[in-house]
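Some notes on the structure that comes next.
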Amino acid sequence: AGGTAVTITGSGFARATLVRFGSVPAASFTVVSDEKITAVSPPGAGTVDVTVTAARGTSPVGRSDRYTYR
């Protein structure tokens with residue numbers, strides 16, 4: 001169904017401009033700190049890569065950057 005609030009941790013998030021779940025932008029997101037963002041997943045289901053775009057570029061995607069939702 002989507003619409004789930006999730007916490008994304010990493011670094012360099014203070015100037016985040018976009019959070020994507022796969023190719024779909026997050027329904028909304030809030031920068032909590034340079035290391036944490038809360039985001040609302042878009043409707044749908046599946047396993048996707050989560051990326052954060054900020055002034056320093058787009059976050060690299062690794063195994064821990066995958067999000068599964070139903």
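When a residue number appears, it is its place in the shown sequence, counting from 1.
Residues satisfying the side chain to side chain contact (heavy atoms under 4.5 Å, CB included) test with S28, not counting sequence neighbours, are V40.
Put simply, the side chain of K36 reaches to within 4.5 Å of the side chain of T7, judged on heavy atoms. Contact of the T51 side chain with the R20 side chain is registered, since non-hydrogen atoms from C-beta on lie closer than 4.5 Å. Side chains of I37 and V52 form a contact here, defined as non-hydrogen atoms less than 4.5 Å apart. Annotation: side chain of P25 is in contact with side chain of L18 (closest heavy-atom distance under 4.5 Å).
Closest approach of V6 to F21, counting heavy atoms only: CG2-CZ, 3.8 Å. Minimum interatomic distance between S41 and A27 (heavy atoms only, all atoms of both residues): O-CB, 4.2 Å.
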Next item on the list: Would you sort out whether I8 and F13 count as a side chain to side chain contact (heavy atoms under 4.5 Å, CB included), showing the intermediate values?
Entry: CA-CA 10 Å; I8 302 166; F13 292 161; 4.0 Å; yes
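Proximity of a side-chain donor or acceptor of T30 to a complementary backbone N or O of V32 within less than 3.5 Å is not detected. Although no hydrogens or angles enter the test, the distance criterion places no donor-acceptor pair under 3.5 Å between the side chain of D34 and the main chain of S11.
Judged by distance alone, the side chains of T58 and T53 do bring a donor and an acceptor atom under 3.5 Å apart.
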